[in-house]
2 protein chains.
Amino acid sequence: MQLDNRKKEVLHAIVDDYVSTNEPVGSKSLIERHSFNVSSATLRNDMAELEHLGLIEKPHTSAGRIPSDKGYREYVNSLMTIEELTPKEQLEIEKRINTSVDEVTELIKNATHTLSETTGFVSLAMSPRLKKSFLKQLKILMIEPGKALVVMVLSAGVVKDKVVRIPNFLNDEQIMKISGAIEKSLTGKPLDEITLVTVETAGKSTDVPEPLLKQVLYEAYAAIKQADELNIYLEGEHRMLSLPDFSSLGRARDLLGTLSDSGMVAGYVNEMENAARELGSDDSYMIRIGQEITLDGLDDCSFITATYNLTDSVSGNIGVIGPKRMLYSKVISQIDFVKKKLNEEMKKFT
Amino acid sequence: MQLDNRKKEVLHAIVDDYVSTNEPVGSKSLIERHSFNVSSATLRNDMAELEHLGLIEKPHTSAGRIPSDKGYREYVNSLMTIEELTPKEQLEIEKRINTSVDEVTELIKNATHTLSETTGFVSLAMSPRLKKSFLKQLKILMIEPGKALVVMVLSAGVVKDKVVRIPNFLNDEQIMKISGAIEKSLTGKPLDEITLVTVETAGKSTDVPEPLLKQVLYEAYAAIKQADELNIYLEGEHRMLSLPDFSSLGRARDLLGTLSDSGMVAGYVNEMENAARELGSDDSYMIRIGQEITLDGLDDCSFITATYNLTDSVSGNIGVIGPKRMLYSKVISQIDFVKKKLNEEMKKFT
DNA sequence: ATTAGCACTCTATCCTCCCGAGTGCCAACA
DNA sequence: TGTTGGCACTCGGGAGGATAGAGTGCTAAT
């Protein structure tokens with residue numbers, strides 16, 4: 001994007017003003033609020049140019065300008081400067097996240113909650129992608145005839161379990177044997193390398209009769225597969241209703257309707273993550289603005305996520321969905337700080 | 001409430017019409033839609049009477065009448081007749097609930113989801129109240145030095161677990177001893193009879209040194225206490241935005257704001273449950289209308305819940321929050337049917 | 001390249017007017 | 001005593017119209 005300095009400043013100013021006032025900004029008010037050493041007529045020329053480039057647009061002929069998606073994009077990519085949070089703000093976030101919890105999941109939920117409260121927007125987090133973590137323990141406990149609990153401890157310090165159905169006449173001892181065999185041969189294997197065949201091979205060493213054995217192995221396999229399924233935590237949807245950007249009931253309904261399908265949102269976050277990886281992006285955050293988001297009803301939103309790390313190979317995402325008319329520099333630094341604290345806390349679990 | 005037959009019919013008709021049209025209903029349109037064999041002037045007299053009794057009210061002088069909370073209450077208590085669902089509707093619900101799941105929790109979530117979809121309102125369920133269930137198994141598994149997993153199997157077929165911190169130098173064998181001792185002496189005890197003292201007494205029989213022992217016992221106790229904590233599942237909040245009753249953004253915001261605090265809603269459901277028990281109510285459902293609900297922002301809502309039973313002594317609630325302008329007879333029978341199916345499915349887990 | 005000036009545009013707001021559905025009340029009636 | 005037709009009155013909501021004000025694009029001068 002070829003923009004001379006003043007045009008950059010004008011775009012910057014338009015975004016800033018529009019974000020803070022929620023009113024289309026005109027050449028005159030631009031002069032009033034900022035110290036451009038030129039006349040409003042000059043700015044009008046610049047603005048016409050910026051409009052021509054598709055960076056700003058007019059809601060209607062005789063109104064001021066508002067940034068277009070492309071304008072926000074330019075702002076985010078090249079114009080804004082991210083400022084650190086004040087010590088006070090940092091403290092506030094630290095206090096909320098540091099509540100002692102026993103499980104990583106709780107920690108992530110905490111962070112999500114904190115993020116929604118500090119930004120005032122919808123926050124979300126994905127559970128850690130556990131495909132690359134490996135099995136440290138696997139135990140099958142008899143619960144009652146026909147029912148057992150598969151407990152798995154993963155390298156990332158995560159514990160998963162699943163109730164499974166097993167043949168009625170299997171006894172404690174047989175289950176222990178199977179459990180031991182699986183654990184022995186799968187310990188240390190990354191989850192994404194464990195297949196049904198791997199599990200069945202592992203079970204062969206036991207003397208449990210074939211058909212019974214097979215069912216248990218299958219259930220154990222299913223439990224392992226379920227362990228790396230992704231969850232999403234969404235919070236603060238109702239906050240969107242307080243924003244002037246969604247004061248039209250129709251927009252608000254579409255937005256919350258889409259957000260209510262958490263599976264769909266999770267899928268989209270995954271897509272973003274994968275796209276970023278393919279591009280080899282080294283940004284510490286990902287951002288999608290307005291129409292760039294392919295989810296229904298999020299045209300007026302921006303979607304910002306960062307990646308947290310539970311271990312070197314196990315990570316997840318945390319971020320917010322807010323109006324695209326947001327204070328990007330602030331929100332990004334909030335997300336970034338929450339992520340940083342989250343990473344620090346996570347070290348305690350691994 | 002002393003009402004002659006025609007006045008009852010008038011109130012009935014007003015509620016019906018208002019529910020279906022969302023317009024204040026006047027004497028004239030009442031005559032048109034129903035076969036009262038009297039003139040509109042007569043109905044006007046009746047309506048004045050009903051208003052005097054506080055059963056209906058006018059939004060403003062020259063408008064028709066709408067039912068007051070008291071009017072809905074009278075309608076629900078004495079006027080409406082609950083009709084069975086059609087076989088088709090029943091089938092639809094059965095189909096959705098019958099998806100095979102391995103855990104009671106999943107089943108409850110399913111039912112909640114179904115209820116929100118069939119009613120089009122917010123649905124909710126409380127997790128089973130497990131205070132009266134008893135411990136069938138308790139195992140403590142070492143995860144890694146300093147960390148263990150307490151797994152509990154309860155009489156209601158529910159499995160609960162919790163990661164706890166334990167002293168670093170405790171070894172597998174010691175944990176097994178403690179685990180065995182607790183299990184041996186607490187098996188068969190209802191959760192609400194287990195206290196810290198009970199657990200500590202149980203642990204005394206082991207030869208594990210005092211201070212180490214004590215911490216593990218405390219953590220085990222905490223895990224047991226956490227097992228009977230209540231959860232609430234809320235779903236379909238966004239559906240409220242599609243209802244004309246919440247077309248004012250302010251109302252919608254207040255409503256969703258309150259619903260976002262699920263702990264508060266859970267507390268309220270508990271209150272309702274306790275109140276119903278104290279009254280020895282034998283209704284199969286509980287209902288609160290408008291201002292009867294003490295939660296902020298629910299003035300225009302009705303809250304209907306039924307009680308499901310996991311076992312004789314373990315139960316929970318399931319129900320909906322909808323606009324008070326709802327088809328009560330229909331919604332109640334939907335809840336009732338979902339509850340019935342839920343009870344049937346639950347039998348398979350116990 | 002910048003600026004002052006000007007005619008033009010469009011929305012948002014406020015007023016006013018008026019329709020119509022609905023009411024309460026009264027007098028007459030069975 | 002309960003029911004009815006008639007009538008004057010009320011009030012919200014929608015339609016129409018005028019106006020202010022912020023903003024624009026264009027032109028001609030600097």
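Keep in mind that what you see is a predicted model, and the values were worked out from it rather than measured. Letters go in sequence order (proteins before strands), and every chain restarts at 1. Only this structure's heavy atoms are used, side chains among them; waters, hydrogens and symmetry mates stay out.
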Minimum heavy-atom distance between B:Ala306 and B:Ile335, given as atom pair plus value | CB-CG2, 3.8 Å
Checking only heavy atoms, does the side chain of A:Arg44 share a donor-acceptor pair with the base of C:dG5 at less than 3.5 Å?
-> yes
Sidechain N-carboxylate O distance under 4.0 Å for B:Glu74, B:Lys7 | no
For atom CG of B:Asp46 and atom P of D:dT1, their distance in whole Å | 16 Å
Minimum-distance nucleotide (side-chain atoms of B:His60 versus C:dT23, C:dG24, D:dG12) | D:dG12
Check whether any side-chain nitrogen or oxygen of B:Arg65 sits under 4.0 Å from OP1 or OP2 of C:dG24, and answer yes or no.
-> yes
Name the nucleic acid region contacted by B:Ser27, choosing base, sugar-phosphate or nothing; use a 4.0 angstrom heavy-atom cut-off, strictly under.
-> sugar-phosphate
From CA spacing to verdict: side-chain hydrogen bond (donor to acceptor under 3.5 Å, both in side chains), B:Ser29, B:Asp17 | CA-CA 9 Å; B:Ser29 64; B:Asp17 283 12; 5.2 Å; no
Quick check: does any side chain N or O of B:Ser116 sit under 3.5 Å from a backbone N or O of B:Phe121, one acting as donor and the other as acceptor?
-> yes
Check: D:dT10 base within 3.5 Å donor-acceptor of B:Ser62 side chain | yes
Roughly, in whole Å, what's the span from CD1 in B:Ile14 to P in C:dT23?
-> 9 Å
Could you check how far CZ of A:Arg33 sits from C1' of D:dA22, rounded to whole Å?
-> 14 Å
Can you tell me if the side-chain N/O atoms of B:Lys58 get under 4.0 Å from OP1 or OP2 in C:dG24?
-> yes
Report yes if a side-chain nitrogen or oxygen of A:Arg6 is closer than 4.0 Å to either non-bridging phosphate oxygen (OP1 or OP2) of C:dT2; otherwise report no.
-> yes
Under 3.5 Å, is there an N or O donor on one side and an acceptor on the other linking the side chain of B:Ser39 and the base of D:dT4?
-> no
Just how far, in rounded Å, is P of D:dT1 from CG of B:Asp4?
-> 15 Å
How do B:Asn45 and A:Ala63 order along DNA chain D: which one's closest nucleotide is nearer the 5' end?
-> B:Asn45
Could you state the atom-to-atom distance from CG of B:Leu30 to C1' of C:dG22 in whole Å?
-> 12 Å
